[in-house]
Number of protein chains: 2
Amino acid sequence: MVVAVSERAPREPKYYLVKRHLLDIIGSLPPGSLVPTERILTLELGTSRTTVRRALSELVGEGRLVRRQGSGTYVAEPKISWPLRMTSFTEQAAEAGYTVTTQLLDARRQRADEEAAARLDVKVGASVFVIERLRLVNGAAMAVELSQLSAARFPGLVAKLRREPSLYRVLAESYDSAPVEADETIETAAASPRKAELLDTDTGAPMLVLSRHSFDASGAPIEWVRSWYRGDRYTFVARLTAR
Amino acid sequence: MVVAVSERAPREPKYYLVKRHLLDIIGSLPPGSLVPTERILTLELGTSRTTVRRALSELVGEGRLVRRQGSGTYVAEPKISWPLRMTSFTEQAAEAGYTVTTQLLDARRQRADEEAAARLDVKVGASVFVIERLRLVNGAAMAVELSQLSAARFPGLVAKLRREPSLYRVLAESYDSAPVEADETIETAAASPRKAELLDTDTGAPMLVLSRHSFDASGAPIEWVRSWYRGDRYTFVARLTAR
DNA sequence: ACGCGCAAATGGACTAGACCACTTCGCGTC
DNA sequence: GACGCGAAGTGGTCTAGTCCATTTGCGCGT
């Protein structure tokens with residue numbers, strides 16, 4: 001008697017209704033505005049706080065909202081564009097009109113694991129430098145960067161880096177080595193507690209991970225870098241041309 | 001008498017402990033293996049199911065696990081690399097050895113909103129074609145693509161597209177128009193219920209959003225496309241050269 | 001007038017449980 | 001032997017609540 005409905009609607013979870021409600025609010029407010037508290041939204045929308053928080057978390061992850069514990073939830077500033085280019089990080093930023101500083105978190109020598117060995121064209125267990133840096137734009141943490149280079153190929157690199165912060169300049173001046181080609185990959189990830197703290201965000205927040213594998217003119221690998229950017233704050237931009 | 005500890009540890013949430021436990025398990029198993037059920041993990045780790053699920057959700061979002069309702073949670077296959085290049089989608093895939101099909105979801109004419117007008121260099125309210133397509137690789141949904149083009153510039157485009165699926169071929173053959181330059185931006189987002197269903201994933205799953213704004217030889221805008229890719233399954237790859 | 005301390009309010013983490021949708025598989029029936 | 005039904009088990013969503021960490025601001029004391 002009853003006919004089954006063949007086309008089932010793509011049922012909408014309740015938290016998504018909350019999300020759309022919040023998007024309405026966000027759309028009508030300038031960045032920095034306070035949005036209703038979680039407990040008020042819970043009452044207004046007749047739902048549980050867990051459900052409200054799920055909607056808020058997605059919007060925070062998309063860079064639409066900012067949460068400040070003890071204070072409130074606010075409409076976020078627009079995202080910042082970041083160019084994908086061959087030039088050094090410092091130069092890139094200067095061109096875009098930003099003031100960039102770098103904080104050396106760690107520089108150590110360790111044995112290459114399987115992946116590092118393959119990337120740097122050395123044997124597993126060979127000595128590699130691991131350099132961890134925090135990139136800041138106009139004083140705000142932007143990315144955590146983990147570089148690996150062959151220790152045999154760049155002897156004394158770490159000591160030189162402590163005096164001259166630009167890695168590319170050190171490579172050019174002290175080792176007469178410059179990357180001319182690179183493979184870059186981009187993917188998503190969730191922030192570890194450590195990276196979250198360094199980048200002043202929450203554990204589990206969505207991030208953009210940029211990996212760069214660069215080579216010199218002879219095709220020999222120079223460095224392998226992975227950079228973690230806050231996905232709620234940055235957008236990568238590339239300019240492509242035919243052929 | 002008591003000295004305050006100045007360096008507070010980056011305290012680890014409990015769910016992150018669960019996540020690391022799961023990473024141990026994942027590391028020792030081949031793709032496709034079944035991992036313990038949520039309720040078993042709850043008992044084993046002495047925690048609530050909510051906490052277990054938060055850890056699982058992050059790992060699913062990072063492409064390390066796959067959840068199948070009613071069945072179980074499994075170790076995921078490695079991610080697929082996808083090149084960022086100027087050539088058409090169909091050609092790209094063929095080069096990489098994939099079989100790609102395209103499903104036309106919707107093709108309509110609508111009035112340009114503010115952003116579309118700016119991108120396509122037309123007036124707000126001018127007629128634009130909006131083409132929504134689903135891209136499939138070897139039969140599996142890969143991306144949802146939303147293209148917008150000026151209707152005045154490409155009259156009859158939608159009708160032609162129904163016969164010839166490659167947009168770039170239609171543009172070249174019928175309008176003698178070819179994109180030679182493009183700006184691409186990459187950012188993260190959460191899947192809407194509709195996109196989640198089309199891409200066979202969960203609402204709120206992390207995605208990579210690729211926007212392409214392409215121009216012809218005279219610098220006039222041709223199309224503005226946004227593509228949503230599953231972040232747990234795809235990685236973008238670009239090859240950069242100096243200068 | 002100033003500053004300190006405390007209370008209130010916020011977001012953050014977590015619990016224990018309910019109910020639903022879907023898959024799987026064994027058992028009974030044909 | 002093939003089929004179909006149903007129970008059991010899985011992940012999916014949501015509730016209602018606890019306790020914690022941090023911020024804010026008010027009121028009291030000086």
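All values reported here derive from a predicted model rather than from experimental measurement. Every chain is numbered from 1, with letters handed out A, B, ... down the list of sequences.
- In this structure, B:Glu132 CD and B:Asp106 CG are separated by 6.0 Å, a value rounded to the nearest 0.5 Å.
- Here D:dG11 presents its C1' atom at 12 Å from CG of B:Leu34, a figure rounded to the nearest Å.
- Interatomic distance, B:Arg233 CZ to A:Thr188 OG1, rounded to the nearest 0.5 Å: 13.0 Å.
- Taking the ring axis of A:Trp228 as reference, the NZ or CZ atom of A:Arg226 does not stay both within 45° of it and closer than 6.0 Å to the ring centre.
- The CG atom of B:Leu65 sits 13 Å away from the C1' atom of D:dG11 (whole-angstrom rounding).
- One can place CD of A:Glu38 at 8 Å from C1' of C:dG12, the figure rounded to the nearest angstrom.
- Between A:Asp24 atom CG and A:His21 atom NE2 the span is 7.5 Å, to the nearest 0.5 Å.
- Taking 4.5 Å as the limit, some side-chain heavy atom of A:Arg67 sits within range of a side-chain heavy atom of A:Arg53.
- Taken to the nearest 0.5 Å, the CZ atom of B:Arg230 stands 12.0 Å off from the CG atom of B:Leu208.
- The 5' end of DNA chain D is approached more closely, in terms of each residue's nearest nucleotide, by B:Pro36 than by the other of B:Pro36 and A:Tyr74.
- Within the model, atoms OH of A:Tyr16 and OG of B:Ser192 stand 4.5 Å from one another, a figure rounded to the nearest 0.5 Å.
- Remark: P of D:dC14 and CZ of B:Arg53 are 11 Å apart, rounded to the nearest angstrom.
- Taking atom CD of A:Glu12 as the reference point, atom C1' of C:dA21 lies 18 Å away to the nearest angstrom.
- Near DNA chain C, meaning a heavy atom under 4.0 Å from it, residues 16-23 of chain A has no residue at all.
- B:Arg68 has no side-chain polar atom (N or O) that falls below the 4.0 Å cut-off from OP1 or OP2 of D:dT10.
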Are there any protein N/O atoms within less than 3.5 Å of an N/O atom in nucleotides 15-19 of chain D, and if so, which ones and at what distance?
{"residue": "D:dT15", "atom": "OP1", "partner": "A:Lys14", "partner atom": "NZ", "Å": "2.7"}
{"residue": "D:dT15", "atom": "OP2", "partner": "A:Thr47", "partner atom": "OG1", "Å": "2.7"}
{"residue": "D:dT15", "atom": "OP2", "partner": "A:Ser48", "partner atom": "N", "Å": "2.9"}
{"residue": "D:dT15", "atom": "OP2", "partner": "A:Ser48", "partner atom": "OG", "Å": "3.0"}
{"residue": "D:dT15", "atom": "OP2", "partner": "A:Thr51", "partner atom": "OG1", "Å": "2.8"}
{"residue": "D:dA16", "atom": "N6", "partner": "A:Thr50", "partner atom": "OG1", "Å": "3.2"}

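- Mapped onto DNA chain D by nearest heavy atom, A:Arg54 and A:Ser71 fall at different nucleotides, with A:Arg54 at the one closer to the 5' end.
- Whole-Å rounding puts the B:Gln69 CD to D:dC14 P distance at 13 Å.
- Taking CZ from A:Arg20 and CG from A:Leu17, the interatomic distance works out to 5.5 Å, rounded to the nearest 0.5 Å.
- Rounded to whole Å, the distance from CG on A:Leu41 to C1' on C:dA9 is 15 Å.
- The shortest side-chain heavy-atom distance between B:Thr101 and B:Leu134 does not fall under the 4.5 Å cut-off.
- Between the P atom of C:dA21 and the CG atom of B:Asp202 lies a distance of 16 Å, rounded to the nearest Å.
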